[in-house]
Amino acid sequence: MVDGHCDTLTVLTQQNRTLGYSSSRGHLDLPRLRQGGIDVQFFAIFVGPENSIQPVSYTNEIITLFQDSMLANSSDICHVKNSEEIKKALSANKICAVLTIEGGEALRGSIEQLEEYYRQGVRALTLTWNGRNELADGVGLGKEAGGLTVLGRQVVQRMAEIGMIIDVSHISQPSFWDVMSEVKVPLVASHSNCFSLCNHPRNLTDEQVRAIAVRGGVIGVTFVPQFIDLYSASLDRLLDHIEHLYKVGGIACIGLGSDFDGIDDTTAGLEHAGVAVPNISSLLRKRGFSSSEVDKILGDNWLRLFKDVCG
């Protein structure tokens with residue numbers, strides 16, 4: 001089982017938590033990952049507006065926190081950078097941690113910094129949050145949003161070359177289509193739902209879903225209540241998003257991307273990492289998805305993409 005996005009690294013220190021111990025605060029830690037059967041967790045370093053003054057030092061601070069967390073819990077979890085390392089970790093009954101960055105501000109306008117993060121084990125980059133940075137515009141700019149900058153085009157080209165996953169969650173529609181035209185590799189939307197079912201600007205249109213699916217990409221269905229339904233989010237409604245993705249893009253494009261520890265409110269049945277995926281699995285089977293289809297949604301699609309892009 002794979003969860004393609006969480007913000008736990010960003011809040012551990014703020015909430016006086018450590019990854020290895022169960023907490024009543026937040027949504028995700030090692031005991032709850034074990035409880036929920038999560039084998040591979042993508043951990044994002046969220047570089048928000050408040051971190052944009054010194055984004056490189058902040059990102060490196062969180063990378064150090066991540067590395068320290070891996071060392072302190074080395075019998076239970078390890079940092080993985082390719083598919084072979086995932087296989088090795090799973091065979092040793094360890095949870096796999098994939099390190100990612102959410103927000104191109106972290107590069108501070110430098111492709112060399114991108115390459116340095118790759119050397120440190122970062123394997124995915126969400127190009128923007130909701131605003132504008134040196135790479136592209138985010139969805140928060142609305143109709144005023146533009147597309148990729150010259151640097152943004154260079155960055156996605158370099159990511160495709162070195163084997164880093166390009167994450168299009170949060171970016172504006174013009175930026176999305178610029179990425180699609182700039183590179184031919186599979187893309188991910190690590191934590192996004194369907195605009196057709198919930199017309200929040202952070203969700204993907206059917207045209208975007210099809211474009212990601214045709215490339216062999218993955219969309220991480222997210223547990224953010226306002227992306228599930230603007231008025232009445234529920235676990236059943238999340239399953240509606242999964243079924244819609246199935247109809248529009250096919251089974252191979254569907255994954256999970258909780259956004260745990262990046263949200264204030266949760267939906268019943270999706271309260272934390274210990275319960276969410278088992279509840280989703282149960283409902284998928286009740287809705288008639290086959291065992292093979294459930295396996296693809298819960299993790300196999302993410303693992304296939306990770307191998308395709310990162311090796």
Would you mind listing the cluster partners of [X]? Hydrophobic ones only (ILVMFWY), side-chain contacts under 4.5 Å, chaining allowed.
X	answer
Leu230	Tyr231
Val224	Phe227, Ile263
Phe306	Val2, Val40, Phe42, Val80, Ile86, Leu90, Val98, Ile165, Val188, Val218, Trp302, Leu303, Leu305, Val309

For [X], I'd like to know if atom [atom1] has over 12 heavy atoms of other residues, nucleotides or ligands within 6.0 Å.
X	atom1	answer
Gln54	CD	no
Lys81	NZ	yes
Glu50	CD	yes

Give, for atom [atom1] of [X] and atom [atom2] of [Y], the distance between the pair rounded to the nearest 0.5 Å.
X	Y	atom1	atom2	result
Thr205	Asn199	OG1	CG	12.5 Å
Leu148	Met180	CG	CE	12.0 Å
Gln41	Cys6	CD	SG	4.0 Å
Leu28	Thr8	CG	OG1	4.0 Å
Leu107	Ile101	CG	CD1	7.0 Å
Phe289	Leu298	CZ	CG	10.5 Å

Test your reading of the model: is there a side-chain donor-acceptor pair from [X] to the backbone of [Y], 3.5 Å cut-off?
X	Y	result
Asn133	Ala136	yes
Tyr118	Ile162	yes
Tyr117	Ala106	yes
Thr64	Asn60	yes
Gln14	Thr10	yes
Asp39	Met1	yes
Lys94	Ser74	yes
Arg25	Gln15	yes
Asn73	Ser69	yes
Ser172	Asp137	yes

Indicate the atoms forming the closest heavy-atom contact of [X] with [Y], along with that distance.
X	Y	result
Ala233	Ile228	CB-CB, 4.0 Å
Ala189	Leu204	CB-CD1, 3.8 Å
Ala252	Asn301	O-CG, 3.3 Å
Met159	Leu127	SD-CD2, 4.2 Å
Thr149	Glu134	OG1-O, 2.6 Å
Gln208	Asn203	OE1-O, 4.2 Å

Decide yes or no on side-chain contact (heavy atoms from CB on, under 4.5 Å) for Val122 and Phe66, but give the supporting numbers first. CA-CA 11 Å; Val122 174; Phe66 172 79; over 6 Å; no
Please determine whether residues [X] and [Y] belong to a single hydrophobic cluster, defined as Ile, Leu, Val, Met, Phe, Trp and Tyr linked transitively by side-chain heavy-atom distances below 4.5 Å.
X	Y	result
Leu197	Leu245	no
Val183	Ile219	yes
Ile38	Ile95	yes
Ile171	Trp129	no
Leu235	Tyr246	yes

| task | Please step through side-chain contact (heavy atoms from CB on, under 4.5 Å) for the pair Ser196 and His244, ending with a clear verdict. | result | CA-CA 9 Å; Ser196 290; His244 189 77; 3.6 Å; yes
Side-chain contact test, heavy atoms from C-beta onward, threshold under 4.5 Å: evaluate it for [X] versus [Y] and give yes or no.
X	Y	answer
Gln226	Arg202	no
Phe223	Thr266	no
Asp178	Arg153	yes
Gln113	Arg108	no
Leu114	Met164	yes
Phe43	His79	no
Leu256	Val277	yes
Asp261	Arg17	yes

Should Glu116 and Arg119 be marked as a salt bridge (Lys or Arg N to Asp or Glu O under 4.0 Å) after you check the CA-CA gap, both sets of side-chain angles, and the distance that decides it?
-> CA-CA 5 Å; Glu116 175 59 26; Arg119 285 190 288 272; 2.9 Å; yes
query = Do Lys87 and Glu84 sit within salt-bridge range, that is, some charged N less than 4.0 Å from a carboxylate O?
reply =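 A salt bridge is present here (some side-chain N lies under 4.0 Å from a carboxylate O).
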For the pair Arg158 and Glu161, find out whether any cationic side-chain nitrogen is under 4.0 Å from an anionic carboxylate oxygen.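 So Arg158 pairs with Glu161 through a salt bridge.
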message: Run Arg285 and Ser291 through side-chain contact (heavy atoms from CB on, under 4.5 Å) and show every step you take.
response: CA-CA 8 Å; Arg285 297 177 191 280; Ser291 294; 3.4 Å; yes
Is the closest side-chain donor-acceptor distance between [X] and [Y] under 3.5 Å?
X	Y	value
Ser22	Arg32	no
Asp167	Ser190	yes
Glu112	Ser110	yes
Asp29	His272	no
Asp259	Thr222	no

- Task: Tell me, with the steps shown, if Val248 and Arg210 meet side-chain contact (heavy atoms from CB on, under 4.5 Å).
- Result: CA-CA 6 Å; Val248 175; Arg210 281 189 286 267; 3.6 Å; yes
Notebook entry, point to check: Do the rings of Phe260 and His27 sit parallel, tilted or perpendicular, given the 30° and 60° boundaries?
Noted result: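 Taking His27 first and then Phe260, their aromatic rings sit tilted (interplane angle of 30° to 60°).
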Quiz item: Which of parallel (below 30°), tilted (30 to 60°) and perpendicular (above 60°) describes His191 and His5?
Solution: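 The arrangement is parallel - the two ring planes meet at less than 30°.
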